[in-house]
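To keep things clear, I will list the structure first and then write my remarks on it.
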Amino acid sequence: MPELPEVETVARGVNRRVRGDRIVQAWFGKRPQTFKTPPSRQAKGLAGRTILAVHRTGKHIVFELGAEASAAAPDAQWIVHLGMTGRLLVATPDAPVAPHTHARIDLASGNELRFVDPRRFGRLEFRNLRGKGDAAFEAPGAEPLTIGAVAFAELFSQRKMPIKAALLNQSLLAGVGNIYADESLFQAGIRPRRRSNRLNAAELERLRLALRQILLHAIRLGGSSVSDYVDAEGESGFFQLEHCVYQRTGEPCRRCQTPIRRIELAGRGTHYCPICQR
DNA sequence: CATTTCACCTGGTGGC
DNA sequence: TGCCACCAGGTGAAAT
């Protein structure tokens with residue numbers, strides 16, 4: 001489901017609800033694919049630690065953990081990737097447990113943190129920052145909200161792949177997925193199939209600004225709820241109402257009324273306006 | 001190395 | 001109603 005705005009919304013919501021709380025115990029399901037770190041190690045590492053803060057990096061939700069609430073610096077991290085259908089919810093223990101719940105974390109406040117993921121493309125990882133060779137989590141790519149014009153242009157001007165494929169590459173920019181790639185290319189007036197290295201400086205800068213504006217706007221609206229995305233409280237977002245091209249195949253372009261086209265690119269459904277995007 | 005394709009999963013939707 | 005094909009917000013391994 002979730003791209004940068006959705007992950008940001010979830011991370012903020014979870015942070016608001018669990019920051020400062022202490023983990024009593026953690027339960028994990030038995031689907032091995034879900035765990036980047038063995039579940040027994042995750043449960044052991046989480047138990048007794050305090051959640052110092054929760055934030056987003058790329059499409060990852062990072063829990064900064066300390067041995068006690070007064071800890072100056074985190075000594076461990078719990079990292080959640082929502083994949084396509086993952087949900088991270090703060091619930092009360094009496095709330096019914098949804099199918100495909102792969103993790104339940106009991107908090108001292110009485111709340112419970114739950115990870116639910118039908119398609120199991122999501123991943124859970126625990127990192128001990130004091131262990132040998134265990135470094136803090138870093139997204140491989142740059143942050144789309146803060147990257148500057150020069151660095152942005154450098155990322156794309158050497159690539160021969162289609163600009164949309166480059167936008168989806170998390171080791172270049174971290175956080176852009178299919179919705180916001182299509183929407184930002186529409187806003188910038190650029191066809192998804194254009195080769196990255198054929199875009200001129202003005203086009204690349206239009207794209208950077210369009211991407212930033214759209215991501216910030218989507219965060220303000222709580223993300224896009226296309227099929228099943230909800231935030232930490234189980235609430236839908238509203239940015240899907242403002243999509244210009246994503247999943248609007250055949251519908252009139254909001255700018256010129258031409259029917260929106262759908263093609264396949266980089267194995268993903270790709271939507272664009274043949275008139276507004278060149 | 002850069003780029004492209006495909007497998008990994010379940011569930012919802014729309015056509016017949 | 002039932003069955004089936006197709007589609008889905010992501011990623012990383014394998015192939016080219």
Side-chain angles (χ1 to χ4, degrees), chain A residues 1-11 29-36 56-61 79-88 98-102 115-125 137-141 144 154-186 192-198 211 214-215 218-219 221-231 236-250 260-271:
Chain A
M1 55 167 205
E3 308 179 27
L4 187 151
E6 293 77 31
V7 179
E8 178 71 29
T9 302
V10 172
K30 296 215 176 343
R31 301 302 195 120
Q33 194 196 188
T34 304
F35 305 105
K36 240 175 140 169
R56 174 197 64 79
T57 300
K59 291 176 190 168
H60 299 262
I61 299 167
I79 295 142
V80 177
H81 193 294
L82 299 174
M84 291 267 259
T85 53
R87 296 179 174 194
L88 193 61
H100 308 292
T101 297
H102 305 302
F115 177 69
V116 182
D117 183 15
R119 278 176 82 181
R120 283 185 267 133
F121 289 167
R123 293 291 180 273
L124 303 178
E125 177 184 5
F137 176 80
E138 278 184 71
E154 277 173 1
L155 284 182
F156 298 104
S157 55
Q158 300 295 96
R159 304 266 154 185
K160 292 183 182 164
M161 63 172 82
I163 184 61
K164 163 144 180 190
L167 284 172
L168 293 176
N169 184 338
Q170 300 296 297
S171 63
L172 299 176
L173 283 182
V176 182
N178 208 31
I179 295 176
Y180 299 99
D182 280 6
E183 293 296 321
S184 62
L185 286 168
F186 172 79
R193 273 208 230 268
R194 294 268 306 280
R195 302 265 150 193
S196 303
N197 61 355
R198 306 295 293 274
L211 183 58
I214 284 170
L215 293 173
I219 291 169
L221 295 185
S224 299
S225 290
V226 171
S227 60
D228 52 11
Y229 161 75
V230 292
D231 67 15
S236 293
F238 293 94
F239 190 71
Q240 69 280 5
L241 302 173
E242 304 203 9
H243 291 172
C244 289
V245 289
Y246 179 74
Q247 284 197 347
R248 294 192 68 243
T249 310
I260 298 302
R261 273 187 202 164
R262 181 186 189 279
I263 57 173
E264 180 152 324
L265 200 164
R268 319 298 301 278
T270 297
H271 315 77

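Below, read A as the first sequence line, B as the second, and so on, with proteins coming before strands; counting in each chain starts at 1.
The base of C:dA8 lies outside donor-acceptor range of the side chain of A:Arg268, with no N or O pair under 3.5 Å. The base of B:dC9 sits within donor-acceptor range of the side chain of A:Arg119, with an N or O pair under 3.5 Å.
The shortest distance between the side-chain N/O atoms of A:His100 and the OP1/OP2 oxygens of B:dC9 is not below 4.0 Å. Residue A:Gln170 has no polar side-chain atom (N or O) positioned under 4.0 Å from OP1 or OP2 of C:dG10. Look at A:Arg123 and you won't find any side-chain N or O under 4.0 angstrom from OP1 or OP2 of C:dT11.
Closest to the side chain of A:Arg120, out of B:dC9, B:dA2, B:dT4, is B:dC9. When each of C:dA8, B:dG11, C:dG10 is scored by its nearest atom to the side-chain atoms of A:Gln247, the top-ranked nucleotide is C:dA8. Across C:dT11, B:dT10, B:dT4, the shortest atom-to-atom separation from the side chain of A:Met161 is found for B:dT4. The side chain of A:Glu3 lies closest to C:dG10 when the candidates are C:dG10, B:dT3, B:dT10. In this structure, the nucleotide among C:dA8, C:dG12, B:dT3 sitting nearest to the side chain of A:Arg262 is C:dA8.
In this structure, CD1 of A:Ile179 is placed 7 Å from P of C:dG10, rounded to the nearest angstrom. Between the CG atom of A:Leu168 and the C1' atom of B:dT3 there is a distance of 14 Å, rounded to whole Å. The separation between A:Arg87 atom CZ and C:dG10 atom P is 16 Å, rounded to whole Å. The NZ-P distance, from A:Lys160 to B:dA2, rounds to 11 Å in whole Å. Counting to the nearest Å, the C1' atom of C:dA8 and the CG atom of A:Leu82 are 16 Å from each other. Between the NE2 atom of A:His81 and the P atom of B:dC9 there is a distance of 17 Å, rounded to whole Å. As rounded to whole Å, 16 Å separates atom P of B:dC1 from atom CD of A:Gln158. As a whole-Å value, the separation of A:His60 NE2 from C:dT11 P is 7 Å.
The gap from the P atom of C:dA14 to that of B:dC9 amounts to 15 Å, rounded to the nearest Å.
Remark: the backbone N or O of A:Asp117 is not paired with any side-chain donor or acceptor of A:Thr85 at under 3.5 angstrom. A donor-acceptor pair under 3.5 Å is formed between the side chain of A:Glu3 and the backbone N or O of A:Asn178. Within the 3.5 Å criterion, the main-chain N or O of A:Arg268 finds a donor-acceptor partner in the side chain of A:Thr270. One N or O on the side chain of A:Gln170 and one on the backbone of A:Val176 form a donor-acceptor pair closer than 3.5 Å.
Using a 4.0 Å heavy-atom distance criterion, A:Gly177 is classed as a sugar-phosphate-only contact. Contact annotation for A:Tyr246: backbone-only contact, meaning every heavy-atom pair under 4.0 Å involves sugar-phosphate atoms and none involves a base. Note on A:Pro162: only backbone sugar-phosphate atoms sit closer than 4.0 angstrom, heavy atoms only; bases stay farther off.
Between A:Tyr180 and A:Phe239, the ring centre distance stays below 6.0 Å.
Where stacking is scored as ring centres under 5.5 Å apart with planes under 30°, A:Phe121 does not register as stacked on the base of C:dT11.
Checked by atom type, the side-chain pair A:Asp182/A:His271 shows a donor-acceptor distance below 3.5 Å.
Pair assignment for B:dA7 gives C:dT11, based on Watson-Crick or G-U wobble hydrogen-bonding distances that are each under 3.5 Å.
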